[in-house]
Amino acid sequence: MTTTTKILSGPLSMFGAKVQIAALEKGIPFELTMVPFTKDDAYEPKHPDVLRINPVKQQVPVLIDGEVGLFDSTQIFEYLEDRYPAPALWPEGIADRARARQLEQKADEVFFPNVIKLFGLQHDMQSAPAVAACAGCARFYEEMEGLLATREYLAGPYSFADIAFYMAHVFADRKGAGMTDATPRLVAWRDRVRDRPAVHAVVDPMMKFLASEGRGVPAFLQR
Ligand SMILES: N[C@@H](CCC(=O)N[C@@H](CS)C(=O)NCC(=O)O)C(=O)O
């Protein structure tokens, strides 16, 4: 018996978008459920599948594939790569894979925490913590610019690391810490990733949702 793969995400979930993009890149048919999302950006009421599979954190994304139920976008990436190896989204070779995984983790855990700080500082972007968070993003952009001196994508071939950092930086841009002309290779990378059909298929509806609510859409995503 074949079962349908299910992904639970949210209309503005950057972690959910990572998983959706990866599944599309791998050509995995899936059923998408957008969990309830209130006007004040709360994920309420919690979807029963989210409560069942992620009872403590109660967060999306959640993936259900037959007997497997998982939460956390990075954990889901690992499962998708094992379960659907082609096309590969980790590079070949132990060292390159380790570097790619580290980059994916840094996008979520080193870069994105700056963006989370900016969420609460939009009213005072001149404050010391907001300036520090923007500087943290700029430093990270410089580091990624350095990597792109010798390769087209962050870890060599297009990978989960690109998906993670692309989505994180879309939210950074929304919150006032987008990339600039100071990192031209990174800007070109951004446009290459943006133009992938799987990325469009996920990010376009997200931007439409933002626009429908009168919220800002990053300039590089306005058409
Ligand atoms: N580390 C998790 C983070 C997931 C996360 O922060 N999800 C947010 C949406 S982007 C969420 O569900 N928030 C609702 C809540 O915390 O109640 C991942 O990579 O999936």
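Given the structure is predicted, the values throughout are model-derived calculations rather than measurements. Every number for a ligand or one of its atoms is a count from 1 in the order of the listing.
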Could you tell me the residue and atom name of the protein heavy atom closest to [atom], and the distance to it rounded to 0.1 Å?
atom: atom 12 (O) of ligand 1; value: Val60 N, 2.9 Å
atom: atom 14 (C) of ligand 1; value: Tyr43 CD1, 3.4 Å
atom: atom 2 (C) of ligand 1; value: Asp72 OD2, 3.4 Å

For Ser13, take its heavy atoms, then give the atoms of ligand 1 lying under 4.0 Å from any of them.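 Counting atoms of ligand 1 from 1, those under 4.0 Å from Ser13 are 9 (C), 10 (S).
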Can you name the atoms of ligand 1, numbered from 1 with element, that are less than 4.0 Å from a heavy atom of Ser73?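 Contacts of ligand 1 toward Ser73, numbered from 1: 18 (C), 19 (O), 20 (O).
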Describe, in one word, how the ring planes of Tyr141 and Phe111 are oriented to each other, choosing from parallel (under 30°), tilted (30 to 60°) and perpendicular (over 60°).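 Tilted.
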Look at the aromatic rings of Phe165 and Phe140 and report parallel, tilted or perpendicular, splitting at 30° and 60°.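 Answer is tilted, since the angle falls between 30° and 60°.
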Would you call Asp41 and Arg215 a salt bridge, using N to O less than 4.0 angstrom?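 The answer is yes: the pair qualifies as a salt bridge.
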Identified side-chain hydrogen bond (donor to acceptor under 3.5 Å, both in side chains) partner of Gln102 from the options Gln105, Arg99, Glu104: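 That would be Gln105.
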Salt bridge (Lys or Arg N to Asp or Glu O under 4.0 Å) between Arg192 and Asp162, worked out: CA-CA 10 Å; Arg192 271 198 298 284; Asp162 298 291; over 6 Å; no
Under 3.5 Å, is there a donor-acceptor pair linking the side chains of Ser9 and Gln20?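 Gln20 and Ser9 do have a side-chain donor-acceptor pair below 3.5 Å.
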Report yes or no: does Glu44 have a heavy atom closer than 4.0 Å to ligand 1?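 Checking ligand 1 against Glu44, which is what was asked, there is no heavy-atom contact under 4.0 Å.
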If you measure from each heavy atom of Pro61 to ligand 1, is any distance below 4.0 Å?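 The answer is yes: ligand 1 sits under 4.0 Å from a heavy atom of Pro61.
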